[in-house]
Protein chains: 2
Amino acid sequence: MASITATAAAARASCYAAPAQGLQASQSSSTLTPKTVLTPTTKPRVVAAAGSPLGAFRSELHLSSSNVRASEFLRSEPRLFSPKGRSPSSSPSSSSSSSSRKSPRISVLIICKAANDKTVVIGLAADSGCGKSTFMRRLTSVFGGAASPPKGGNPDSNTLISDTTTVICLDDYHSLDRTGRKVHGVTALDPRANNFDLMYEQVKALKEGKTVEKPVYNHVSGLLDPAETIAAPKILVIEGLHPMYDERVRELLDFSVYLDISDDVKFAWKIQRDMAERGHSLESIKASIAARKPDFDAYIDTQKQYADVVIQVLPTQLIPDDNEGKILRVRMIMKEGLENFVPAYLFDEGSTVSWVPCGRKLTCSYPGIKFFYGPDTYYGQEVSVLEMDGQFDKLEELIYVESHLSNTSTKFYGEITQQMLRHADFPGSNNGTGLFQTIVGLKIREVYERIVAKEVVPV
Amino acid sequence: MASITATAAAARASCYAAPAQGLQASQSSSTLTPKTVLTPTTKPRVVAAAGSPLGAFRSELHLSSSNVRASEFLRSEPRLFSPKGRSPSSSPSSSSSSSSRKSPRISVLIICKAANDKTVVIGLAADSGCGKSTFMRRLTSVFGGAASPPKGGNPDSNTLISDTTTVICLDDYHSLDRTGRKVHGVTALDPRANNFDLMYEQVKALKEGKTVEKPVYNHVSGLLDPAETIAAPKILVIEGLHPMYDERVRELLDFSVYLDISDDVKFAWKIQRDMAERGHSLESIKASIAARKPDFDAYIDTQKQYADVVIQVLPTQLIPDDNEGKILRVRMIMKEGLENFVPAYLFDEGSTVSWVPCGRKLTCSYPGIKFFYGPDTYYGQEVSVLEMDGQFDKLEELIYVESHLSNTSTKFYGEITQQMLRHADFPGSNNGTGLFQTIVGLKIREVYERIVAKEVVPV
């Protein structure tokens with residue numbers, strides 16, 4: 001049978017095949033575009049290779065006959081460029097591969113440029129003020145570009161766009177503005193204050209490569225502003241209160257993350273942001289949290305069970321009865337058995353380990369750093385948990401810890417440390433929130449690369 | 001300067017040197033025996049190479065001049081075959097080496113047979129019935145030979161002899177027999193019931209390669225039997241109640257181990273042995289333990305502080321309030337900073353780790369297995385502690401655990417498991433006592449090899 005060996009970087013590519021020796025690339029390029037096997041629903045948009053981290057690539061393609069045309073081969077492998085889950089029956093016959101099974105194999109180059117048209121969709125759920133924007137900045141940084149609002153658009157846009165990634169805020173799908181919510185007596189957490197139908201339609205359209213006119217919820221005015229145009233990116237992140245609430249939207253997600261801040265920590269953070277930065281009073285913050293609590297539990301918290309990764313933020317256990325909330329215990333709960341995601345681990349995969357790295361080789365200031373890793377179940381599903389309690393004081397601690405973690409999806413030694421140092425000013429850069437957000441960023445990169453690689457490589 | 005590269009197996013060797021190319025080994029063998037530089041106190045006995053795991057070896061010796069005779073070189077390096085700590089001034093002049101410093105270096109083979117005359121002395125302290133004999137059988141097994149009492153001697157001899165190792169029981173230095181102790185109202189633990197002067201003299205003589213006539217304490221009759229002849233072995237193990245009690249004896253030890261059985265476990269073991277095997281009553285065992293306790297604390301327990309390794313045996317913590325004493329928590333307390341001993345560790349040297357290996361890859365029956373590793377202090381000295389709680393049910397568990405331990409001084413993958421399986425019928429083969437005894441056996445082999453390597457290799 002035919003086989004292709006390709007790198008993950010082959011993703012999102014317009015490809016053409018040529019025999020490895022002698023055949024001109026141009027000779028077959030016209031007959032071998034992916035479009036010849038794409039189903040009608042697959043978007044025709046071509047993403048420019050320029051500026052993309054996923055440049056042109058070459059790979060050996062072993063055909064089962066020296067006579068079979070590369071185009072026929074591509075047709076005989078319907079999964080090769082068609083969307084996930086689409087039935088092979090809609091593609092041309094694959095009879096040629098079986099008839100030539102015993103023929104000598106030849107090598108053919110597949111030369112691809114960034115043109116594969118799959119948008120990978122990531123969901124990020126969290127309450128407001130829980131570090132989603134920091135997370136997003138870490139994520140876009142992993143892909144190498146800075147994120148900024150759409151150029152020339154609404155200055156209060158919630159959207160962030162980088163070379164590879166577009167982050168949309170699901171608050172934009174509020175169906176009721178601030179006044180409307182007051183009139184109807186519902187919070188923004190309530191599904192009735194949100195337009196899930198539109199959310200679903202637009203996320204689906206973006207996933208299919210279409211451009212959409214997305215509404216804008218203005219956090220400053222509390223009003224719904226005129227829509228902004230969003231083109232399909234390589235990676236679409238939908239972040240907000242309800243990315244996993246509506247089942248239809250949930251089904252569109254290729255990977256999902258839930259930021260789960262414990263009440264104690266959330267309170268401390270909200271005080272920090274809403275009191276210090278927004279001038280709210282302590283009483284109004286308390287009242288706001290209390291008022292949101294029933295809806296939060298009913299509509300937001302319930303999404304945890306659907307997340308592929310939950311980042312739980314808790315008070316430290318290193319200081320007995322600590323109430324300050326400055327030192328955090330952060331747990332990354334990673335779902336097992338996913339196709340494109342392999343949980344990170346400490347020392348021995350699948351066992352239970354606790355680790356205080358501070359010792360003879362590494363000195364840490366009080367109260368030190370403690371890690372935990374082990375298998376668990378979470379909402380009835382098998383998960384692995386990686387936990388960090390405490391915070392980094394020095395660079396040595398960070399690289400030391402990184403060097404003992406496995407399956408972190410880094411591309412080179414020290415990549416986590418490099419990412420965290422690059423954004424040392426971001427909240428959480430010295431503790432488990434920054435560490436695990438960075439690892440999840442690397443994981444999302446891997447999820448993306450695995451998905452687009454599969455679009456090219458039959459497995 | 002001259003240098004010799006030699007393997008540890010070069011130990012205990014009668015050596016002769018020859019130029020690396022062409023020179024017949026026989027040519028210089030008569031002029032180059034180690035005796036030419038041995039001091040008068042060094043033993044002349046030659047241990048046969050046959051049957052020894054430390055066979056003949058060859059090594060490159062770089063001389064500083066093509067004209068200098070190998071015998072002169074050996075004379076100019078007084079440390080080469082003289083006992084540790086002896087002053088170079090008692091050896092012939094070393095002027096030849098400095099005068100020829102700039103001459104071209106040549107390679108000379110040193111061909112050695114087992115004849116180096118250093119006896120490495122190991123101390124093993126423990127109360128009676130605490131697994132010393134099992135430990136000794138594990139240790140001699142590491143060196144490849146079976147241990148048996150001296151041939152044709154007293155059938156009640158306490159001595160065990162294998163190819164490399166002689167184990168003498170320090171009970172043989174009881175100065176009072178059972179009746180004498182009763183008359184004087186002292187236990188066997190009391191220094192007054194033991195002849196430390198003779199113990200010191202004989203251990204010193206054996207260490208120097210001399211043969212001694214050692215008394216024999218007959219455990220069956222409780223009497224002192226006629227002496228038996230003990231020749232200096234490669235490794236002398238002195239095991240018993242007081243190997244580290246007398247400072248002079250302690251100074252002779254190259255490595256020392258203390259088996260520290262907690263009172264609860266000791267009681268359970270003593271019941272097992274003295275009741276089931278020796279027909280003692282429960283009351284007599286309790287009375288015996290109570291009677292021994294003050295002397296034990298005063299004379300035996302105090303030696304722990306001098307041990308290089310303490311193996312502590314405690315009741316399990318895996319079963320709350322367990323009193324059965326069948327499942328054990330065993331701690332290996334390893335002194336840091338020793339010249340010839342490097343502590344074993346788990347995952348990350350110098351940090352603190354707890355590990356439950358049972359999980360996704362390894363299934364264990366109740367109550368499972370738990371490891372701990374970390375730095376600590378013990379009697380004011382820096383130590384590393386490796387702990388195992390629980391027991392092995394299956395071979396997979398043993399090899400899985402071994403594969404995650406480091407610095408165990410094995411010579412090939414799985415050597416610990418091999419050793420433990422070879423003696424699966426020994427007490428403790430399924431728990432931390434067997435595991436750590438085996439590791440200590442491997443450590444003693446390494447200590448031995450390092451010491452004898454240093455006798456040959458100037459450092």
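Chain letters run A, B, ... following the sequence lines, proteins first, then strands; residues in each count from 1.
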B:His404 vs A:Ser351, side-chain contact (heavy atoms from CB on, under 4.5 Å): CA-CA, chis, key distance, verdict: CA-CA 12 Å; B:His404 287 84; A:Ser351 74; over 6 Å; no

Stepwise side-chain contact (heavy atoms from CB on, under 4.5 Å) check, A:Asp348 with B:Tyr400: CA-CA 10 Å; A:Asp348 177 29; B:Tyr400 191 82; 2.6 Å; yes

Contact class of B:Glu336 relative to chain A, heavy atoms under 4.5 angstrom: side chain

Atom NZ of B:Lys370 with >12 non-hydrogen neighbours under 6.0 angstrom: no

Partner chain A: residue of B:Ser354, B:Gly359, B:Gly350 with the largest heavy-atom pair count (under 4.5 Å): B:Ser354

